[in-house]
Amino acid sequence: VKPGQSTTVSYADLDLTGPAGMRTLERRIRAASYRVCGGRHNPSQELAREVERRECRRYALDGAREQIAMARSVQFAKGPRIIVLAQQKR
């Protein structure tokens with residue numbers, strides 16, 4: 001996990017008023033969280049590292065979902081995209 005790393009997910013091509021567009025956006029955001037926080041579980045890696053990646057992905061998804069709610073309710077000032085951010089170390 002690289003704290004503070006982020007990626008942008010576009011939804012310009014999606015209709016967020018319907019379930020199909022929302023499902024597609026959720027898949028894109030989930031994939032982005034894996035890119036910024038680390039991939040799937042690798043049995044050869046230690047448990048603490050996997051826990052760190054899962055916490056990072058949860059943080060990234062929660063932040064992205066807040067942006068989705070704003071995007072659905074008002075026009076986003078910066079345009080049709082979501083920022084997926086890796087968790088900062090505490």
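What you are looking at is a predicted structure, and each value in this text was computed from that prediction instead of being measured.
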Please walk me through it: do Arg49 and Glu52 pass salt bridge (charged side-chain N to carboxylate O under 4.0 Å, His left out)?
CA-CA 5 Å; Arg49 178 89 170 114; Glu52 182 181 280; 3.1 Å; yes
Which is it for Arg53 and Glu50 under the salt bridge (charged side-chain N to carboxylate O under 4.0 Å, His left out) test, yes or no, and what are the steps along the way?
CA-CA 5 Å; Arg53 281 197 306 265; Glu50 179 60 22; 2.4 Å; yes
Tyr11/Leu14 under side-chain contact (heavy atoms from CB on, under 4.5 Å): CA gap, chis, key distance, verdict:
CA-CA 5 Å; Tyr11 58 88; Leu14 301 177; 4.0 Å; yes
Test Asp62 against Arg57 for salt bridge (charged side-chain N to carboxylate O under 4.0 Å, His left out), laying out the working first.
CA-CA 8 Å; Asp62 287 348; Arg57 287 190 296 263; over 6 Å; no
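Residues satisfying the side chain to side chain contact (heavy atoms under 4.5 Å, CB included) test with Asp15, not counting sequence neighbours, are Thr17. Partners of Glu66 according to the salt bridge (Lys or Arg N to Asp or Glu O under 4.0 Å) rule, which considers only residues two or more places apart in sequence or in another chain, do not exist here. Residues meeting the side chain to side chain contact (heavy atoms under 4.5 Å, CB included) test with Ala32, sequence neighbours left out: Thr7, Val9, Arg35, Val84. Considering only residues two or more places apart in sequence or on other chains, Arg27 meets the side chain to side chain donor-acceptor pair (under 3.5 Å) condition with Thr24.
Atom OG of Ser33 is separated from atom CZ of Arg28 by 15.0 Å, given to the nearest 0.5 angstrom. Of the inter-residue distances, the one linking Arg54 atom CZ with Cys37 atom SG reads 13.0 Å to the nearest 0.5 angstrom. Within the model, atoms CD1 of Ile68 and CE of Met22 stand 5.0 Å from one another, a figure rounded to the nearest 0.5 Å.
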